[in-house]
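I have placed the structure first, in the form of structure tokens, so that the comments after it can refer back to it.
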There are 2 protein chains.
Amino acid sequence: MANSRLHHERASLRLIKEKLECSKCDSQHLCLDSCRDEETMHALNSVTISKGPYKIGDFIYKIENQFKSLFIIQSGVIKLEKPLRDGNVYVTGFYFPGDIIGLESAGGAKYSYDAVVLDQAWVCEMPYHYFESQDPSSVLLKEHIISVYGQKLREADRLLAHDRYQTGEQRLLQFLEMLCKKLFTQNLEKTQKIQLPMSKGDIANYLGLRPESISRALQKLQRQGVIRNYKNAIEIVDMKVAKKMICRS
Amino acid sequence: MANSRLHHERASLRLIKEKLECSKCDSQHLCLDSCRDEETMHALNSVTISKGPYKIGDFIYKIENQFKSLFIIQSGVIKLEKPLRDGNVYVTGFYFPGDIIGLESAGGAKYSYDAVVLDQAWVCEMPYHYFESQDPSSVLLKEHIISVYGQKLREADRLLAHDRYQTGEQRLLQFLEMLCKKLFTQNLEKTQKIQLPMSKGDIANYLGLRPESISRALQKLQRQGVIRNYKNAIEIVDMKVAKKMICRS
DNA sequence: CGATCAATTGAGTGTGTTCAATGTCAGTGG
DNA sequence: CCACTGACATTGAACACACTCAATTGATCG
């Protein structure tokens with residue numbers, strides 16, 4: 001069951017044994033940016049719950065669960081996916097430390113996706129009923145969350161636009177570059193070798209391609225000397241060329 | 001400049017000469033649903049501004065304008081699009097009476113798209129600074145808007161998923177069915193003949209296809225007796241078959 | 001009336017798919 | 001320890017959908 005590719009503990013893994021003070025959290029931009037006074041910090045600190053560790057294959061929430069909370073990822077990697085009637089699944093996104101999940105389910109009675117752990121994770125649970133309170137700190141946070149939503153909508157539209165005008169190869173490169181940013185700003189690593197937290201099948205699914213097409217694209221890029229393709233890792237040999245190839249020809 | 005295809009006034013066109021009372025607005029589900037007491041209604045009524053008529057080709061807002069307000073569409077049709085560096089544009093959506101636009105720009109300094117009028121429109125402007133007030137009515141509205149955002153995100157993800165696994169023909173049919181719903185729930189028309197408020201080129205752009213592909217798909221569907229293709233209109237002859245064709249084969 | 005833009009139609013091309021076979025690796029049980 | 005299993009990845013060949021490029025038609029407008 002457990003995907004063994006990641007049994008090697010990532011150097012970056014922070015093992016949080018108890019509730020992390022909001023003032024020490026890496027994801028303050030998501031909530032504390034709304035207001036940084038003593039009182040707000042205390043309110044947030046008392047309403048949020050640190051949870052973990054979640055193991056590979058665990059669910060943070062499942063699609064049939066009642067929508068109750070947002071989750072901010074403190075460590076690990078999580079994918080959101082929706083099972084389809086025909087037995088297939090549709091991978092809708094990958095999330096990393098500092099990201100927030102659950103926003104996409106707001107306004108519904110249940111969660112809209114399964115949140116599956118890809119790399120051992122700790123999360124900060126923020127009960128949604130906090131947003132329904134008249135607490136002054138929540139009022140400011142609501143406003144802030146709205147701007148986060150705007151960003152997410154723009155990102156979704158950007159994806160739609162790019163998916164239309166880029167080849168599979170370009171989307172793949174763009175995905176790898178995003179992965180670089182997400183993983184390396186967190187880990188402060190210098191190398192560009194990416195240990196893939198997700199299967200190549202998941203990547204294919206997310207990018208709207210077949211696993212075969214991903215294989216062929218990776219193989220072609222390797223022949224061109226842009227990347228190196230490993231079993232569960234990819235190394236970007238020439239980031240400059242890679243970035244050039246992403247842009248419209 | 002003005003697209004003349006719609007110079008025939010649509011029967012549904014409501015000419016609002018002055019500010020429409022919130023209590024009489026058709027789009028109450030977007031704002032008043034947050035709270036229906038006297039006080040909230042009065043607060044909304046005093047903060048919103050009815051504007052129009054906007055003519056075909058007018059802009060509700062432009063991409064370089066400072067983000068200031070959300071707009072609820074009271075009548076008419078509006079498209080959102082973004083000019084690309086290469087001179088092309090990317091059409092991101094079509095909006096109808098009861099829809100809200102501007103949400104996608106929240107959190108940014110400027111609007112993220114051009115809002116172009118496709119059919120003579122009246123809108124209700126809701127200044128964004130209202131959301132930054134501590135007014136109790138705005139607190140409830142904020143919460144409501146968050147659930148609207150959740151819906152929009154889910155819709156965006158659904159689009160992404162469908163774009164991946166459906167053919168152009170299926171997406172086109174799905175688009176036409178959506179148009180039916182949007183236009184006919186508003187107009188109470190019985191016929192399934194759709195006067196297209198947007199050009200077929202716009203439809204192609206929105207669906208991520210070439211105009212030629214749209215032409216060919218429409219022609220094929222007409223041969224099959226599912227639709228009838230007119231210059232600026234499309235008639236769905238057999239909605240049952242159309243719906244069947246939309247589903248995954 | 002010519003100019004312009006949208007829509008259509010045709011022929012050839014290409015990217016990604018489908019289907020099927022093979023390869024690789026980790027875990028499991030004899 | 002080795003053979004078996006199952007999931008994931010790779011490779012090949014044939015095919016299909018949508019694209020590109022180009023020419024034509026049609027409608028609208030000055």
Side-chain angles (χ1 to χ4, degrees), chain A residues 1-8 56-57 79 86-89 91 116 118 162-173 195-223 227-234 245 248-249, chain B residues 1-8 56-57 79 86-89 91 118 162-173 175 195-223 227-234 245 248-249:
Chain A
M1 175 69 29
N3 188 335
S4 66
R5 106 169 21 100
L6 287 160
H7 274 173
H8 66 90
I56 291 169
K79 75 171 167 183
D86 59 13
N88 283 91
V89 298
V91 177
V116 185
L118 294 179
H162 281 181
D163 278 17
R164 280 172 207 179
Y165 300 114
Q166 296 189 172
T167 64
E169 191 179 298
Q170 287 177 314
R171 272 178 285 160
L172 176 58
L173 273 176
Q195 284 294 330
L196 298 176
M198 71 291 287
S199 72
K200 288 178 180 172
D202 277 343
I203 297 177
N205 188 315
Y206 173 68
L207 294 177
L209 297 167
R210 298 282 122 184
E212 296 95 319
S213 300
I214 293 288
S215 249
R216 283 185 251 270
L218 288 173
Q219 170 196 332
K220 187 180 163 200
L221 289 169
Q222 174 158 332
R223 275 202 314 270
I227 66 161
R228 290 201 108 166
N229 186 19
Y230 301 92
K231 179 109 190 82
N232 301 313
I234 290 173
M245 296 179 72
R248 61 189 67 261
S249 48
Chain B
M1 174 68 32
N3 188 335
S4 66
R5 107 167 22 99
L6 288 161
H7 275 171
H8 67 88
I56 291 170
K79 76 171 167 184
D86 59 14
N88 282 92
V89 298
V91 176
L118 295 180
H162 282 181
D163 277 18
R164 280 172 208 178
Y165 299 115
Q166 296 188 170
T167 65
E169 190 178 298
Q170 288 177 312
R171 272 179 285 159
L172 176 57
L173 274 176
F175 175 79
Q195 283 295 329
L196 297 177
M198 70 292 287
S199 72
K200 287 177 182 174
D202 278 344
I203 297 177
N205 189 315
Y206 174 67
L207 293 176
L209 296 168
R210 298 281 122 183
E212 298 95 318
S213 301
I214 294 288
S215 250
R216 283 185 250 272
L218 288 174
Q219 170 195 333
K220 186 179 163 200
L221 289 169
Q222 175 158 329
R223 275 202 313 274
I227 65 159
R228 292 201 107 165
N229 186 20
Y230 301 92
K231 178 105 191 83
N232 300 313
I234 290 173
M245 294 177 75
R248 59 188 69 265
S249 48

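These numbers come from a predicted model, not from an experiment. Naming: A, B, ... by sequence-line order, numbering from 1 per chain.
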Taking [atom1] from [X] and [atom2] from [N], how many angstroms apart are they, rounded to a whole number?
X: A:Leu218; N: D:dA9; atom1: CG; atom2: C1'; value: 10 Å
X: B:Arg223; N: C:dT8; atom1: CZ; atom2: C1'; value: 13 Å
X: A:Gln166; N: C:dG16; atom1: CD; atom2: P; value: 11 Å
X: A:Tyr230; N: C:dC25; atom1: OH; atom2: P; value: 14 Å
X: B:Ile203; N: C:dT8; atom1: CD1; atom2: P; value: 10 Å
X: A:Ile56; N: C:dA26; atom1: CD1; atom2: P; value: 14 Å
X: B:Asn88; N: D:dC19; atom1: CG; atom2: C1'; value: 14 Å
X: B:Lys200; N: D:dA27; atom1: NZ; atom2: P; value: 12 Å

C:dT8 phosphate, OP1 or OP2: any side-chain N/O from B:Ser215 under 4.0 angstrom?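 The answer is yes; a side-chain N or O of B:Ser215 sits under 4.0 Å from OP1 or OP2.
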Check the phosphate of C:dT8 against B:Gln219, side-chain N and O only, distance under 4.0 Å to OP1 or OP2. Yes or no?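 No.
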For [X] and [Y], which heavy atoms make the closest approach, and how far apart are they?
X: B:Glu169; Y: B:Lys220; answer: OE1-NZ, 3.0 Å
X: A:Leu118; Y: A:Met198; answer: CD1-CB, 3.7 Å
X: B:Ala217; Y: B:Leu172; answer: CB-CD2, 3.8 Å

Between A:Leu173 and A:Gln170, is any pair of side-chain heavy atoms under 4.5 Å apart?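 When only atoms from C-beta onward are counted, A:Gln170 and A:Leu173 do not touch, as no gap falls below 4.5 Å.
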Using a 3.5 Å cut-off and no angle test, enumerate the donor-acceptor pairs between side-chain atoms of residues 202-216 of chain A and protein atoms at least two apart in sequence or in another chain.
unit_1	atom_1	unit_2	atom_2	d
A:Asp202	OD1	A:Lys79	NZ	3.2
A:Asp202	OD2	A:Lys79	NZ	2.9
A:Asn205	OD1	A:Val91	N	3.0
A:Asn205	OD1	B:Tyr165	OH	3.4
A:Asn205	ND2	A:Val89	O	2.8

Write down the protein N/O and nucleotide N/O pairs, taken from nucleotides 13-15 of chain C, whose separation is under 3.5 Å; answer none if there are no such pairs.
none

For B:Tyr230, all residues meeting ring-ring contact (aromatic ring centres under 6.0 Å, His included), sequence neighbours excluded: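 ring-ring contact (aromatic ring centres under 6.0 Å, His included) list for B:Tyr230, sorted by chain: empty.
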Inter-residue atom distance A:Leu221.CG - A:Ile227.CD1, 0.5 Å rounding: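 Going from the CG atom of A:Leu221 to the CD1 atom of A:Ile227 covers 5.0 Å.
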If you measure from CD1 on A:Ile234 to NZ on A:Lys200, what distance do you get to the nearest 0.5 Å?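 If we round to the nearest 0.5 Å, A:Ile234:CD1 and A:Lys200:NZ are 5.5 Å apart.
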Side chain of A:Arg216, heavy atoms from C-beta onward: which of D:dA13, D:dA27, D:dC8 has the nearest atom to it?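 Per side-chain heavy atoms of A:Arg216, the pick is D:dA13.
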Touch check for A:Asn229, heavy atoms < 4.0 angstrom, all strands: base, sugar-phosphate only, or nothing?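 Result for A:Asn229 = sugar-phosphate.
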For DNA chain D, which residues of residues 205-212 of chain B approach it to below 4.0 angstrom with any heavy atom?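 Hits under 4.0 Å, by residue number: B:Gly208, B:Leu209, B:Arg210, B:Glu212.
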